[in-house]
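Everything below concerns the one structure shown next.
Both backbone and side-chain heavy atoms feed into the values below; hydrogens, waters and symmetry mates do not.
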Amino acid sequence: MCGITGYWGLNYTKPDATDLLHRMTNCIAHRGPDGDGYWQEDGVGLGHRRLSIIDLEGGNQPMIWGKYVLAFNGEIYNYQNLKTELEQKGYGFNTNSDTEVIPALLEAYGPAQGLNRLRGMFAFALYNTEDKTLILARDYVGIKPLYFSEINKGEYIFSSEQKSLLASGLLNKYVNHTGLFDFFITGLTFSTNPFWSEIRELPPGTWAILNQNGIAIKKFWQWKFEQQKQQKTQPLDRLDATLKESARHHLVSDVPVASFLAVGVDSSILVALISKHFLPDLRTFTVGFDEAAYNEAPYAQMVAERYSTRHHEITMASQGGSPELFQKILMQYDQPFGDSSCLPTYQICREMSKHSKVVISGDGGDEMFGGYERYSRIGKLAVLGNIPLANSLLYQLGSVLSYFQPERGRQLKKAGQIVGQSPDNLIMDTLTYFPLTEFADIFRKDFLDHALGNYRCSLLDYIPENGLNSTEKLIQTEIEALLHADYLKKVDIASMAHALEVRTPFLDKEVFKFSASLPVNQKIYKGETKYLLKKLAEKYLPREIIYRSKQGFGIPFDKWVANPSMQTFIRETLLSEKARISTFIQRKYLEHLHHCFEKGQAIKAGISRYQLYQRIFMLLSLELTLNHWKADV
């Protein structure tokens, strides 16, 4: 696990190119504190920061293998099997590292087939010194990031993080308006339309080849639901075997491996499988909060005691925010980032890194096995859409219920507003923070007239057009769009800021294949989310862990910032005359939003407490990014 940088086709003299390469690589020193390495020839340079996990002595990079030079970020869990297979084909190796397998595999099978044989997480740059071509590649789901920019025609720079590119001095820091509007609607930006105009993100499951003809990006993998095939073994047995095998692969390491232990089924079942079958003395970590409603620690302790793990509980204060910490966390992302759970994620990674270099995480279990309530809810809305007057009845019921149960009433009224819409519109409503219909109230008219044009949210590009039902469409959209744009980006940035490697067994290729072949009613059955996974969990975990209400990993942002210093910071950041967002957002909107946040009031009917503080969080993230990089909007 590391960080990579480099350039290709650069028309620089060597002293200048060397200085650029070192500056870009030093920007991501936090990703690899165990060493750095550089390789250059005319027009080409590769930089590397190393976090030593496999082959501690022989895995230094950039690595030269025959005519190839490689800078690699990630882990290949099946590298030993691949190495044996390649040795039988006549290939030789000089180290015990997984890195050497990559050039040999791509030479033996070609890029597309070779990449498909890799089992792990990766982003790499592979340079061929004979034909002067460079291959950039990223794993199938986007666990590891890779960004690049064409600074002049035929001249490229690339890095594991955008900060290397932004700090290169070679880019104009212009904001892509489509990326900006995407951020308002979803809280995220996507590889199809990044936030910065001059930076591109290599999409998950693709590889790019740079040669004298320019750049060509090709896809080697894509998620899709597959027709269920007749199997001799029962789904429960296959799931057990698949997860067990994935967990075993994810333990390949020359340093100790620990595990994050949340109360959810995902991380708990991984801890159970690993402890029972592979590492009986597994070290586990749980976050405890001083607010009971967000504190999972007592339940995690139950799992830790059952499997006799070496358990660590890290306690966080729900009102522990500070301007310095807030800015430090958000500035790691190099662009506005709308998921406020990045705050506790950063802090838990910071604490875990004091004890371990490698941790197992349950990320991906919800997407693979139907864990989000919205997957069940969108299916119900689709059914209700076939009932005459359902929208009117739901809205009226919500209006009445609002007097007794305000939040439940709000939810029913919203359901009444969107029921009967197309699956695509239901998905957009499900995943939206600032609806497009509110833009006229939020943005200055002169800015909208100039920037909006024929804007179409990039999330729509990920909604499949095939004959899937609403639930299947939402699951596939989240796997292809939200996984890499939100959850995996959040964890990669938060963990690598502390040189901590996070491994995700639920996002293993074989788990993907099993999930894709699983009927939706094995994921969500009679309103029960994660149905099959919970049935398997009954074999390993107490029922009170399995069937307790789902609790997302996070803290209430409005309480985290409740202290006076954070309140002053928010007010001065958003309402300052010098705020960059005030050049395109109406000041009266900012003042009204902040007033509602400060007083705990609703902005308007239909906006939840979460949506209110989420909007504040997003605007703070946007303003801090624009100001830090002195961006032009």
Side-chain angles (χ1 to χ4, degrees), residues 243-244 247 250-251 256-318 320 341-356 358-366 368-369 371-373 487 490-491 494-495 498 500-506 529-530 533-556 559-560:
L243 279 183
K244 197 180 300 178
H250 281 72
L251 296 176
V257 178
S259 182
F260 180 61
L261 177 55
V263 176
V265 173
D266 305 333
S267 64
S268 296
I269 199 170
L270 290 176
V271 166
L273 287 168
I274 292 169
S275 297
K276 183 174 181 178
H277 298 289
F278 308 113
L279 292 178
D281 61 343
L282 179 67
R283 178 174 282 175
T284 54
F285 295 87
T286 294
V287 179
F289 292 100
D290 58 8
E291 183 170 336
Y294 287 81
N295 189 25
E296 300 180 323
Y299 295 96
Q301 186 67 35
M302 293 172 60
V303 179
E305 289 177 357
R306 171 173 284 208
Y307 289 97
S308 301
T309 69
R310 291 184 290 159
H311 193 56
H312 302 260
E313 183 178 316
I314 300 164
T315 303
M316 291 176 55
S318 60
S341 69
C342 68
L343 301 172
T345 302
Y346 179 94
Q347 293 173 88
I348 179 61
C349 287
R350 179 184 61 194
E351 295 304 314
M352 285 194 295
S353 69
K354 297 174 183 177
H355 304 275
S356 183
V358 182
V359 295
I360 299 292
S361 165
D363 288 321
D366 288 312
M368 293 299 100
F369 296 103
Y372 295 120
E373 290 293 336
Y487 313 128
K490 173 185 67 180
V491 172
S495 60
H498 304 100
L500 178 72
E501 175 173 303
V502 176
R503 297 182 175 184
T504 54
F506 279 106
T529 58
K530 230 177 291 189
L533 189 64
K534 288 178 179 178
K535 286 298 180 186
L536 176 62
E538 290 177 4
K539 180 178 174 181
Y540 296 99
L541 301 169
R543 289 185 65 85
E544 54 264 50
I545 297 292
I546 301 168
Y547 292 105
R548 67 189 295 267
S549 298
K550 181 175 175 61
Q551 183 173 323
F553 180 63
I555 53 177
K559 291 194 174 184
W560 195 76

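Between Val287 and Pro344, the closest side-chain pair of non-hydrogen atoms is not below 4.5 Å. No side-chain heavy atom of Ile269 sits less than 4.5 Å from a side-chain heavy atom of Ile546. By the 4.5 Å heavy-atom criterion applied to side chains, Ile360 and Val257 are counted as neighbours. Two residues are said to be in side-chain contact when any heavy atoms from C-beta on lie closer than 4.5 Å; Ile545 and Val265 fail this criterion. Residues Lys490 and Tyr346 are not in side-chain contact: their nearest non-hydrogen atoms beyond the backbone lie 4.5 Å or more apart. With contacts defined as side-chain heavy-atom distances shorter than 4.5 Å, the pair Lys534/Thr529 qualifies.
Atom CG of residue Leu261 and atom OG1 of residue Thr286 lie 4.0 Å apart, to the nearest 0.5 angstrom. Rounded to the nearest 0.5 angstrom, Ser259 OG and Tyr307 OH are separated by 13.0 Å. With values rounded to the nearest 0.5 angstrom, Leu251 atom CG is found 12.0 Å from His277 atom NE2. Atoms OG and CZ, on Ser275 and Arg306 in that order, are 12.0 Å from each other to the nearest 0.5 Å. One distance of note links CZ of Phe260 with OG of Ser495; it measures 12.5 Å at 0.5 Å rounding. Taken from NZ in Lys535 to CG in Leu533, the straight-line distance is 12.0 Å, to the nearest 0.5 Å.
By the side-chain hydrogen bond (donor to acceptor under 3.5 Å, both in side chains) test, Ser361 pairs with Asp363, sequence neighbours left out. A search for salt bridge (Lys or Arg N to Asp or Glu O under 4.0 Å) contacts involving Lys244 returns nothing, not counting sequence neighbours. Remark: Glu351 pairs with Lys354 by the salt bridge (Lys or Arg N to Asp or Glu O under 4.0 Å) rule, at least two apart or across chains. By the side-chain hydrogen bond (donor to acceptor under 3.5 Å, both in side chains) test, Tyr487 pairs with Arg374, sequence neighbours left out. Glu544 meets the side-chain hydrogen bond (donor to acceptor under 3.5 Å, both in side chains) test with no other residue; sequence neighbours excluded. Scored by the side-chain hydrogen bond (donor to acceptor under 3.5 Å, both in side chains) test, Arg283 finds His312 as partners (sequence neighbours excluded).
Aromatic pair His311/Phe285: ring centres not closer than 6.0 Å.
Here the closest non-hydrogen pair linking Ala494 and Thr345 is CB-CG2, 3.7 Å. Of all the heavy atoms in Ala262 and Ser268, the pair that sits closest is O-OG, 3.1 Å. Minimum heavy-atom separation, Ala304 to Thr284: CB-OG1, 4.4 Å. The two residues Val358 and Ser356 make their nearest non-hydrogen contact at O-OG, 2.9 Å.
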When you look at Lys530 and Tyr372, which way does the side chain to side chain contact (heavy atoms under 4.5 Å, CB included) test go after all the steps?
-> CA-CA 8 Å; Lys530 230 177 291 189; Tyr372 295 120; over 6 Å; no

Run the numbers on Arg310 and Asp281 for side chain to side chain contact (heavy atoms under 4.5 Å, CB included), then give the verdict.
-> CA-CA 6 Å; Arg310 291 184 290 159; Asp281 61 343; 4.3 Å; yes

Do Leu536 and Leu243 pass the side chain to side chain contact (heavy atoms under 4.5 Å, CB included) test, and can you show the C-alpha distance, the side-chain angles, and the key distance before you say yes or no?
-> CA-CA 10 Å; Leu536 176 62; Leu243 279 183; 4.0 Å; yes

Intermediate values then yes/no, side chain to side chain contact (heavy atoms under 4.5 Å, CB included), Phe506 and Leu270 | CA-CA 9 Å; Phe506 279 106; Leu270 290 176; 3.6 Å; yes

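Here the options are Ile348, Leu500, Val359, the test is side chain to side chain contact (heavy atoms under 4.5 Å, CB included), and the partner is Ser353; only Leu500 passes.
Between the Arg503 side chain and the Ala247 main chain, no donor and acceptor come within less than 3.5 Å of each other.
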